[in-house]
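First the structure, in the form of structure tokens, and then the observations on it.
None of these values were measured; they are calculated from a predicted model. For ligands, and for the atoms within them, numbers begin at 1 and follow the listed sequence.
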Amino acid sequence: MSQDRAQTSPVRIDREQDGAFVVIDNPPVNATSLEVRAGLLDAVTTLGANNEIAAIVLIGAGKTFIAGADIREFGRPLRDPQVPELIAAIEQCGKPVIAAIAGPALGGGFEIALGCDARVATADAVVGLPEVTLGIIPGAGGTQRVPRLTGIVKAIELIASGRRLKAAEAKALGLLDEVVTGDLRAAATRHARALAGRKRRISELPVPAEPEEAIARATEEAMKGARGRTAVKEAIEAVRDATRMPFAEAAEKERATFQRLRQSEEAAALRYLFFAEREAVRVEGIGEAASRPIASVGVVGAGTMGAAIAVCFLDASLPVVLIERDPESLDRGVERVRSVYRRMVQSGRMAPHDMERRLAQLTPSLSVPALSGADLVIEAVFEDMGVKQGMFRELDRVMKQGAIIASNTSYLDIDVLAGVTGRPTDVLGLHFFSPANVMRLLEIVRGKATAPDVLATALGVARTIRKLPVVARVAEGFIGNRIFFAYRIQCELMLEEGAYPEDVDAAMTAFGLAMGPFAVNDLSGLDISWHTRKRLAATRDPKARYPVVLDRLCEMGRYGQKTGAGWYRYPEGARRCLTDPDVHALIDKSAAEKGIARHSFSAEQIQWRALATMVNEAALLLAEGIAARPSDVDLVLVNGYGFPAQKGGPLFWASRRPRNQVTAALDALAAATGHGFRRGNVEAVLDQVAQL
Ligand code: 3HC
Ligand code: NAI
């Protein structure tokens with residue numbers, strides 16, 4: 001290596017007797033940027049030709065081996081040398097090359113390790129091929145080398161899910177040769193000596209034989225999670241190629257697929273979301289504020305949400321005091337918590353003693369003063385301002401100084417709640433999504449007075465309980481529910497104009513949403529929307545269009561699945577939505593009463609109308625400062641509302657459509673909505689959406 005290159009390269013060589021450590025030092029995560037690839041290739045080739053060297057060890061400088069390709073390079077043509085060339089050089093090198101893994105070895109990083117003759121790792125190592133989560137497949141032999149170690153069945157499970165493995169599991173599967181407790185460098189050196197100059201190329205191993213039915217079952221199982229994600233299907237095909245063609249041919253085909261998918265809209269969307277998640281925690285106004293310590297938590301209200309929120313904290317090993325208003329409700333709440341764990345134990349996802357350990361941290365109580373020691377309390381009582389204000393006053397009285405009071409309200413004004421306490425700076429919204437122990441999204445609502453360190457603490461809490469935080473300011477419904485509300489009303493207007501619930505739901509699920517708006521409404525309960533509408537009735541513009549069918553359904557006691565009928569019928573507890581002629585008649589009648597001539601809608605028309613509504617509302621939210629950046633809105637819709645991740649969220653999706661088509665859809669939306677429609681500056685927002 002030339003002197004100049006050695007000084008600037010993120011790869012350096014540490015010589016030790018007859019061995020050499022090739023150290024990758026490319027903070028923050030040792031991604032294989034062009035310079036890393038070039039440095040590694042240079043080092044392996046130079047050391048390979050050096051007669052004084054008996055073995056080579058690849059090792060990361062910091063807490064990471066190699067996190068994989070530099071994802072920022074994926075939107076552009078990749079420059080040589082590329083990772084397969086580097087791996088070929090490792091395999092061709094006449095000396096054993098050992099990967100010494102501490103921390104993450106992911107994607108291309110793990111593929112480099114698989115190209116080595118042995119893999120030695122510390123117990124904190126995490127390995128895996130998460131490429132499908134970025135809309136691509138492994139592109140440097142991962143789909144061919146993993147099955148040679150684990151068999152096709154396991155390889156399909158791992159690669160099609162992108163699951164990351166801890167060192168112990170990876171060792172058990174044969175993906176690692178040794179997990180070391182002591183010094184990694186010393187262990188790698190020992191391993192190198194034991195190889196005594198032998199090469200152990202995985203590419204030369206046979207693929208273990210497995211019954212075709214087992215492979216078919218694994219494929220079917222893996223495809224269940226695919227839901228419209230091309231990369232998953234392609235990854236399975238690539239793994240199966242391991243038995244269909246020789247290594248070199250299959251590896252070349254894998255690379256071609258990787259290159260094709262890398263440039264797809266799906267991959268661009270998933271890359272965008274990857275960086276969006278990391279951007280979301282950069283919150284204006286926090287500065288250097290330090291978090292407050294959170295060692296114990298209280299939850300008030302042990303209903304659907306409160307119980308599941310308690311589970312989130314118990315899972316993170318934090319003690320929880322759970323409060324209810326009467327013994328029966330408390331028992332029901334504790335039973336909700338228990339049943340979450342019981343299901344996990346029954347399905348083998350949790351050991352019985354772990355369930356008991358978690359439940360031992362739960363203190364059920366009927367007394368609000370039991371919260372006096374809590375550092376954070378989350379209120380999840382009924383969605384009623386009076387009830388919540390009463391609770392906030394009481395919490396303010398009993399909670400210690402410096403403790404944080406949060407509300408899980410879906411819509412209500414956090415500033416009004418903060419206003420009834422003597423500590424508005426310590427109040428904020430923590431809006432979980434149902435089921436709270438499963439859904440990743442957490443909207444953090446900062447009130448006018450919320451202190452920077454309270455916000456910093458909330459972001460830390462989100463990390464502790466493994467949630468994805470997105471910060472919003474106070475508005476009716478914050479980011480997600482406000483957009484969802486506008487979207488649902490617009491879907492109801494389409495009913496008046498000619499569509500039926502099943503048409504709208506089918507169009508939106510065909511687009512990729514997990515569920516259509518009317519099926520969601522039936523599941524969550526029409527009465528909740530009805531309460532919100534009644535609450536907002538006084539402030540509604542009487543000249544604006546108002547779809548009445550939902551109110552009529554509620555007046556008939558049709559609250560959705562729980563009452564056996566809503567927008568659809570659910571005879572005898574059925575969960576499948578059955579079309580209901582009575583609802584059609586109600587819709588036709590309401591259109592006739594308003595003098596609306598119904599016309600048919602194509603799925604595409606429905607989708608454009610619905611999506612234009614979402615992006616328009618998003619633009620309004622951004623202009624009002626409720627959401628800080630377009631990618632925050634996309635994160636909320638993808639992680640809280642079933643918007644397909646492979647489409648990146650409504651704003652990303654719209655940013656990739658022809659601009660005149662978006663403008664035309666907004667014009668059509670404005671015309672259809674009529675009086676009171678507020679148009680956001682969508683075009684300006686779409687210009688800000690990052691394209692990677
Ligand atoms: N490329 C570019 N930047 C990356 C990166 C990558 N692969 N991985 C992480 N970063 C950046 C992040 O954007 C972040 O930057 P910021 O500080 O400016 O926001 C910084 O590194 C730290 O990342 P995290 O905040 O995520 O740090 P954590 O410590 O929480 O997690 C990690 C570290 C587990 C390595 C996590 O970052 C991660 O999972 N990274 C992605 C790994 C991955 O998907 N690799 C596969 C890439 S595809 C591939 O290799 C193709 C191959 O088959 C050819
Ligand atoms: P729920 O009706 O299932 O539970 C509310 C619980 O609060 C009941 O068990 C009730 O007994 C208890 N409660 C009422 N007053 C109380 C008091 N004074 N002291 C102690 N406990 C009291 O309601 P759910 O669905 O859990 O909603 C709770 C909050 O979470 C609401 O603000 C709601 O808007 C919000 N939310 C609900 C979501 C959902 O999907 N259900 C999603 C996100 C937020």
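Phe518 does not carry Arg488 over the face of its six-membered ring by the limits of under 6.0 Å from the centre and within 45° of the normal.
In terms of polar-atom proximity, Gly108 is counted as a contact of ligand 1, with an N or O under 3.5 Å from an N or O of the ligand. Considering backbone and side-chain atoms alike, Phe258 places every N or O at 3.5 Å or more from each N or O of ligand 1. For ligand 1, the polar-atom distance check against Ile71 finds a nitrogen or oxygen pair separated by under 3.5 Å. Where the criterion is an N or O separation shorter than 3.5 Å, residue side chain and backbone included, Ala69 meets it with respect to ligand 1. Ligand 1 has no N or O atom lying under 3.5 Å from any N or O atom of Arg72, backbone or side chain. In terms of N/O distances under 3.5 Å, ligand 2 is not approached by Val300. In terms of polar-atom proximity, Glu383 is counted as a contact of ligand 2, with an N or O under 3.5 Å from an N or O of the ligand.
Heavy-atom contacts of His431 reach the following atoms of ligand 2: 43 (C), 44 (C) (cutoff under 4.0 Å). Residue-ligand proximity, Phe382 to ligand 2, at heavy-atom distances under 4.0 Å covers atoms 2 (O), 5 (C), 8 (C), 10 (C), 14 (C). Within ligand 2, counting atoms from 1 as listed, the ones closer than 4.0 Å to a heavy atom of Met391 are 17 (C), 18 (N), 19 (N).
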- Test side chain to side chain donor-acceptor pair (under 3.5 Å) on Glu91 and Ser203 and set out the steps. CA-CA 9 Å; Glu91 286 203 331; Ser203 58; 2.9 Å; yes
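Among Thr304, Val368, Val381, the residue whose heavy atom lies nearest to atom 15 (N) of ligand 2 is Val381. Across Ala67, Gly103, Gly68, heavy-atom proximity to atom 45 (N) of ligand 1 is greatest for Ala67. In this structure, of Glu131, Glu279, Arg255, the residue bringing a heavy atom nearest to atom 51 (C) of ligand 1 is Glu131. Among Lys388, Arg336, Glu324, the residue whose heavy atom lies nearest to atom 9 (O) of ligand 2 is Glu324.
Put simply, atom 40 (N) of ligand 1 has protein non-hydrogen atoms near it, under 4.0 Å away.
Residue contacts with ligand 1 include Val29, since one or more of its heavy atoms lies under 4.0 Å from the ligand. Heavy atoms of Lys63 stay at 4.0 angstrom or farther from ligand 1. Heavy-atom separations between Gly142 and ligand 1 are all 4.0 Å or longer. Remark: distances from the non-hydrogen atoms of Ser524 to ligand 2 are all 4.0 Å or more.
Side-chain N/O atoms of Asp634 and Tyr272 include a donor and acceptor closer than 3.5 Å. Under the 3.5 Å distance criterion, with hydrogens and angles disregarded, a donor-acceptor pair is assigned to the side chains of Asn521 and Ser529.
Contact annotation for Arg463 and ligand 1: only side-chain heavy atoms (C-beta onward) come within less than 4.0 Å of the ligand. When non-hydrogen atoms are compared, ligand 1 lies under 4.0 Å from the side chain of Arg282 (C-beta onward) but not from its backbone. Counting heavy atoms closer than 4.0 Å to ligand 2, residue Phe432 contributes backbone atoms (N, CA, C, O) but none from C-beta onward. Looking at Leu134 against ligand 1, only its side chain comes within 4.0 Å, counting heavy atoms. The residue Glu254 has no part lying near ligand 1, judged by heavy-atom distances below 4.0 Å.
Checked against Leu371 for a side chain to side chain contact (heavy atoms under 4.5 Å, CB included), the options Val321, Leu376, Val297, Ile405 give a single hit: Val321. Exactly one residue among Glu234, Glu266, Glu254 makes a salt bridge (charged side-chain N to carboxylate O under 4.0 Å, His left out) with Arg260. That residue is Glu234.
If you look at Phe74 and Phe274, their ring centroids are not closer than 6.0 Å.
Applying the 6.0 Å contact sphere to CZ of Arg393 captures more than 12 heavy atoms from other residues, nucleotides or ligands.
Classified by interplanar angle (parallel below 30°, tilted 30° to 60°, perpendicular above 60°), the ring pair Phe433/Tyr641 is perpendicular.
Remark: minimum distance from atom 26 (O) of ligand 1 to any protein heavy atom is reached at Arg278 NE, 2.7 Å.
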